[in-house]
Amino acid sequence: MKEIPVRILEGKKLQAVVDGHILHTDQPQADGGDGTGPKPSDLFLASLATCGAFFARLYCDKRGLNADGLDIVMEYETAEKTRLVTKLVFKITTPEDFPDAHRAPLERAIQSCYVKKHLKDDIEVETAFVN
């Protein structure tokens, strides 16, 4: 099993180490944090956005398509009561010379995002005390 160690820091700050990369999270001031980093849920959303963009880039690279100027913005909606994400929209701006025939396959490439696929299946979550 792989692991991601998380340190609980002062206030609402957390630090996770992922493959040697240190990630920091915090909560907004309105939620008792200092606003020094993204919320953990924002990292999740950023994972979805960057994963979709990565698969778009991969699609272009494999086909020799120009990706300079390829711009992807992920918008999302949340439920008012639960604040859970209810909708993701990937807005794609393609380079001027991007062939129309590749638009639909590019959409499918974004939809094949590895992070997004985790939303479809239940993930077993366990907790265990080690002391």
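If you take NZ on Lys116 and OG on Ser47, they are separated by 15.0 Å, rounding to the nearest 0.5 Å. With rounding to the nearest 0.5 angstrom, the NE2 atom of His102 is 9.0 Å from the SG atom of Cys60. Interatomic distance, NZ of Lys91 versus CD1 of Ile72, reported as 13.5 Å (0.5 Å rounding). With values rounded to the nearest 0.5 angstrom, Arg103 atom CZ is found 14.0 Å from Arg108 atom CZ. Note that NE2 of His24 and CG of Leu43 are 11.0 Å apart. Values are rounded to the nearest 0.5 Å. Taken from CG in Leu70 to CZ in Phe98, the straight-line distance is 6.5 Å, to the nearest 0.5 Å.
You'll find the side chain of Pro40 reaches within 4.5 Å of the side chain of Gln27, heavy atoms only. Using a 4.5 Å heavy-atom cutoff, the side chains of Asn66 and Pro95 are in contact. Using a 4.5 Å heavy-atom cutoff, the side chains of Val17 and Ile4 are not in contact. In this structure, the side chains of Leu45 and Met74 come closer than 4.5 Å at one or more pairs of heavy atoms.
Under a hydrophobic clustering in which Ile, Leu, Val, Met, Phe, Trp and Tyr are joined whenever their side-chain heavy atoms come within less than 4.5 Å, directly or via other members, Phe54 and Ile110 fall into different clusters. In the hydrophobic clustering of this structure, Ile92 does not group with Val73; members are Ile, Leu, Val, Met, Phe, Trp, Tyr whose side-chain heavy atoms approach within less than 4.5 Å, directly or through other members. By the rule that hydrophobic residues join a cluster once side-chain heavy atoms approach within less than 4.5 Å of another member, Tyr59 and Phe55 end up as members of separate clusters.
Under the 4.0 Å criterion applied to side-chain N and carboxylate O atoms, Lys12 and Asp34 are not assigned as salt-bridge partners.
Put simply, the side chain of Arg57 never gets that close to the backbone of Ala53: no donor and acceptor are under 3.5 Å apart. Remark: side-chain polar atoms of Asp26 are not paired, donor with acceptor, to backbone N or O of Gly33 under 3.5 angstrom. A donor-acceptor pair under 3.5 Å links the side-chain atoms of His118 to the main chain of Tyr114, judged by distance alone.
Annotation: Arg7, atom CZ; neighbour count of heavy atoms from other residues, nucleotides and ligands within 6.0 Å does not exceed 12.
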Residues Tyr76, Thr78; criterion side-chain contact (heavy atoms from CB on, under 4.5 Å); working and verdict: CA-CA 7 Å; Tyr76 64 95; Thr78 56; 3.9 Å; yes
Please walk me through it: do Lys39 and Thr25 pass side-chain contact (heavy atoms from CB on, under 4.5 Å)? CA-CA 5 Å; Lys39 299 181 295 186; Thr25 66; over 6 Å; no
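Between Leu9 and Leu14 the shortest heavy-atom distance is CD1-C, 4.2 Å. When all heavy atoms are compared, the tightest approach of Pro105 to Ala101 is CD-O, 3.4 Å.
The residue from Ile8, Val6, Leu23, Ile22 that alone fulfils the side chain to side chain contact (heavy atoms under 4.5 Å, CB included) condition with Gln15 is Ile22.
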